[in-house]
Student: 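I have a structure I would like to understand better, so I am pasting it below and will then ask my questions one at a time.
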Amino acid sequence: MINKIDKAYKTIGEVVKILDLKSRSGHKTPTHTIRYWEKEFKQIKPKILTGNRRYYDKYNINLLKKIKFLLKDQGMTINGVKKLLNTRHSNDLDEISNKSIRTNNLRNKISNISKIIKSLKKIK
């Protein structure tokens with residue numbers, strides 16, 4: 001078993017939270033999405049230990065972030081993402097996707113602040 005002191009490895013549930021993946025119904029954690037991406041994208045190689053438990057290192061988590069960005073934010077197809085990841089220019093995506101992820105986080109924070117301000121105005 002991987003020593004959890006080594007923070008480099010995350011469980012599939014932790015990766016779902018890091019990627020902020022949501023199921024359509026909102027009830028179940030969509031770990032199936034990551035498992036599906038593993039089948040489609042051979043570059044994703046988690047450590048699979050006893051009981052088929054998956055553990056993801058920083059490289060695999062960053063790869064999953066890139067895949068999510070291209071599929072969900074950029075609206076690319078699985079085949080399009082496969083082609084892009086297989087090119088030499090795939091590292092150029094890191095900078096673009098990281099900026100987009102930061103922008104989305106900022107957008108979410110602004111939205112939350114706006115909701116708080118509205119609720120505070122109602123209290124007066």
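For clarity, every value in this text was computed on a predicted model and none was experimentally measured.
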Student: Measuring only between side-chain heavy atoms, which start at C-beta, is Thr33 closer than 4.5 Å to Lys68?
Tutor: no

Student: Is any side-chain heavy atom of Ile61 closer than 4.5 Å to a side-chain heavy atom of Lys58?
Tutor: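 When only atoms from C-beta onward are counted, Lys58 and Ile61 do not touch, as no gap falls below 4.5 Å.
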
Student: If we ignore hydrogens and angles and just use 3.5 Å, is the side chain of Asn60 paired with the main-chain N or O of Lys45 as donor and acceptor?
Tutor: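 Such a contact is found between Asn60 side chain and Lys45 backbone.
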
Student: Dump the intermediate steps for side-chain contact (heavy atoms from CB on, under 4.5 Å) on Lys17 and Lys10, then the final yes or no.
Tutor: CA-CA 10 Å; Lys17 289 176 184 165; Lys10 304 285 185 203; over 6 Å; no

Student: Distance check, rounded to the nearest 0.5 Å: Ile34 atom CD1 versus Tyr56 atom OH?
Tutor: 5.5 Å

Student: Locate the shortest heavy-atom distance separating Leu71 from Met76; write the atom from each residue and the value.
Tutor: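 Of all heavy-atom pairs spanning Leu71 and Met76, the closest is CD2-O, 3.4 Å.
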
Student: Please round to the nearest 0.5 Å and tell me the distance separating atom NZ of Lys22 and atom NZ of Lys72.
Tutor: 12.0 Å

Student: In Å and rounded to the nearest 0.5 Å, what is the NZ to CZ distance from Lys82 to Phe41?
Tutor: 6.5 Å

Student: Side-chain contact, heavy-atom cut-off 4.5 Å: Tyr36 with Ile78?
Tutor: yes

Student: Between atom CG of Leu120 and atom CD1 of Ile116, what is the distance when rounded to the nearest 0.5 Å?
Tutor: 7.5 Å

Student: Calculate, to the nearest 0.5 Å, the distance between atoms CG and CG belonging to Leu64 and Leu19 respectively.
Tutor: 5.5 Å

Student: Provide the closest heavy-atom pair for Tyr59 versus Gln43 in the form atom of the first, atom of the second, distance.
Tutor: CE2-O, 4.2 Å

Student: What's the spacing between Leu85 CG and Glu40 CD if we round to 0.5 Å?
Tutor: 12.0 Å

